[in-house]
Amino acid sequence: MDIRQLRYFITVAEHLNFTKAANQLYVAQSAISHQIADLEDQVGVKLFIRNKRSVQLTPAGAVFLKEAMEIVEKTSGAIEKAQQTDAGVIGSLSIGFLSIHVRGFLPEAIKRFRVIYPKVELHLNHYPSKMLKEALEEGELDIALTQPSGLHRIEEVEIQTVAKERYCVVMHKNHPLANQQKIKLTDLSTEPFIIHNRHDSPIGSYEFIVHLCEQNGLTPRIVSQPRFVDTVPILVESEIGISILPKSFEAVSSHSLRFIEIDGLEGHDFELVAAWKKNNLNPSIPIFLEVLANEGLTI
């Protein structure tokens, strides 16, 4: 017994006419008669009472019709779901991200994705940078939105840039340089610096800032290294010192802080990427990346 035989049986039962059923199915009437006879042999009962003038369902045929229709419907549904799953429009997707840096585009990307692909269940969570990369490497995440530094250590990792933004000097509005449009790093040679702790910061960010300062002829006088990057703007607001942060922090920081462009810093943008493992066959990954690409931005 196969689905084709059941479809033939259902079509004959609906028309109670072999000729009309054959026309609807675009097959020879003899082929339908042969398949129905074979189906009756397999079931072991007569499904139709037929003579030269009429075709009628037997009581057993009427019961079988109901069951056959359910089987065909469930089979069609199973095929459709399998095809949709293979296309990525049904399933689940686990995404981890650095909270502050994605605020400019991720909420809109998520809303758009849910409208287009409502049957894909999204699992979204904020991670510290180190844990984010570890979760991606261990297969706990399908996609990580993170900095590219350190990702090369993950086997068969793929990346796609989704956002770039400028680094800015962050200082309290009471600072003598707070009204400048741009600042040269050489103007900060005597300033106290607050930099995210080397051991807890995203891989390379502490070194990046120190190296950037040294390239411009100053060794930063670091007065505080908070464990959490969210603490940095708070300490700057307390006028303990200044800092260097990506511009996205401005949207979540106090209005008493000023984010000032660094003069001569072209080509040193903060980059955020979507990262995933090449051997991850989740079909929802590429369609989310496509939506994400339409929402990514350069600040």
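If you're wondering where the values come from, they're calculated on a predicted model, not measured in any experiment. Values below: all heavy atoms of this structure, side chains included; hydrogens, waters and symmetry mates excluded.
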Would you mind reporting whether [Y] and [X] have side-chain heavy atoms less than 4.5 Å apart?
| X | Y | value |
| --- | --- | --- |
| Val157 | Trp276 | no |
| Val162 | Val273 | no |
| Ile244 | Leu185 | yes |
| Ser92 | His123 | yes |
| Phe249 | Pro233 | yes |
| Ile183 | Ile262 | no |
| Asp187 | Asp263 | no |
| Leu106 | Leu145 | yes |

Between [X] and [Y], is there a shared hydrophobic cluster once you connect ILVMFWY residues whose side-chain heavy atoms come closer than 4.5 Å?
| X | Y | value |
| --- | --- | --- |
| Ile3 | Tyr8 | yes |
| Met69 | Val63 | no |
| Val252 | Ile234 | no |
| Leu124 | Leu141 | yes |

Which value, rounded to the nearest 0.5 Å, describes the distance between [X] atom [atom1] and [Y] atom [atom2]?
| X | Y | atom1 | atom2 | result |
| --- | --- | --- | --- | --- |
| Cys168 | Ile242 | SG | CD1 | 12.5 Å |
| Gln180 | His175 | CD | NE2 | 10.5 Å |
| Leu292 | Gln160 | CG | CD | 7.0 Å |
| Ile71 | Glu67 | CD1 | CD | 6.5 Å |
| Ile143 | Ile159 | CD1 | CD1 | 13.5 Å |
| Lys184 | Lys182 | NZ | NZ | 11.0 Å |

Salt bridge (charged side-chain N to carboxylate O under 4.0 Å, His left out) partners of [X], counting only residues at least two apart:
| X | result |
| --- | --- |
| Glu239 | none |
| Arg50 | Glu40 |
| Glu108 | Lys111 |

_For Phe288 together with Tyr117, are the ring centres under 6.0 Å from each other?_
no

*Validation row, ring centre Phe228 to ring centre His196 under 6.0 Å*: no

Grab the two heavy atoms, one from [X] and one from [Y], that are nearest each other, plus how far apart they are.
| X | Y | answer |
| --- | --- | --- |
| Ala13 | Leu65 | CB-CD1, 3.8 Å |
| Arg7 | Val72 | NH1-CG1, 3.4 Å |
| Leu235 | Pro226 | CD1-CG, 4.0 Å |
| Leu257 | His172 | CD2-CA, 4.2 Å |
| Met171 | Ile260 | SD-CD1, 3.9 Å |
| Ala21 | Val12 | CB-CG2, 3.7 Å |

*Who are the side-chain contact (heavy atoms from CB on, under 4.5 Å) partners of Lys66, not counting sequence neighbours?*
Glu70

Do the side chain of [X] and the main chain of [Y] share a donor and acceptor less than 3.5 angstrom apart?
| X | Y | value |
| --- | --- | --- |
| His15 | Asn17 | no |
| Thr58 | Lys46 | yes |
| Asp142 | Ile95 | no |
| Ser254 | Ser256 | yes |
| Glu165 | Lys247 | yes |
| Asn282 | Ser284 | yes |

_Is there a side-chain contact (heavy atoms from CB on, under 4.5 Å) between Leu151 and Thr146? Walk through the geometry before answering._
CA-CA 9 Å; Leu151 287 173; Thr146 185; 4.1 Å; yes

List the atom pairs, donor and acceptor, that lie under 3.5 Å between side-chain atoms in residues 30-39 and the rest of the protein, sequence neighbours left out.
residue: Ser33; atom: OG; partner: Gln29; partner atom: O; Å: 3.2
residue: Gln35; atom: OE1; partner: Gln5; partner atom: NE2; Å: 3.0
residue: Asp38; atom: OD2; partner: Gln5; partner atom: NE2; Å: 2.7
residue: Asp38; atom: OD2; partner: Gln42; partner atom: NE2; Å: 2.9

_The test is side-chain contact (heavy atoms from CB on, under 4.5 Å); show your working for Leu188 and Phe193 and say whether it passes._
CA-CA 9 Å; Leu188 307 174; Phe193 273 79; 4.2 Å; yes

Listed pairs under 3.5 Å, donor-acceptor, residues 215-222 side chains, sequence neighbours left out:
residue: Asn216; atom: ND2; partner: Leu212; partner atom: O; Å: 2.8
residue: Arg221; atom: NH2; partner: Thr190; partner atom: O; Å: 3.1

*Would Glu261 and Arg166 pass as an ion pair if we require N to O under 4.0 Å?*
yes

_For Glu14, is the CD atom crowded, meaning more than 12 foreign heavy atoms sit under 6.0 Å from it?_
yes

*asked:* Would you say CG of Asn179 has more than 12 non-hydrogen atoms from neighbouring residues, nucleotides or ligands within 6.0 angstrom?
replied: no

*asked:* Under a 3.5 Å cutoff, is there a donor and acceptor pairing between the side chains of Gln147 and Ser129?
replied: no

*Over 60° means perpendicular and under 30° means parallel, so classify the ring planes of Phe9 and Phe48, tilted if in between.*
tilted

*CA sep, side-chain torsions, deciding dist, call: Arg112, Ile116, side-chain contact (heavy atoms from CB on, under 4.5 Å)*: CA-CA 6 Å; Arg112 179 172 173 76; Ile116 302 173; 3.9 Å; yes

*For side-chain contact (heavy atoms from CB on, under 4.5 Å), just list the numbers for Leu281 and Asn279, CA-CA rounded to whole Å, side-chain angles, deciding distance to a tenth of an Å, and then say yes or no.*
CA-CA 6 Å; Leu281 301 181; Asn279 59 4; over 6 Å; no

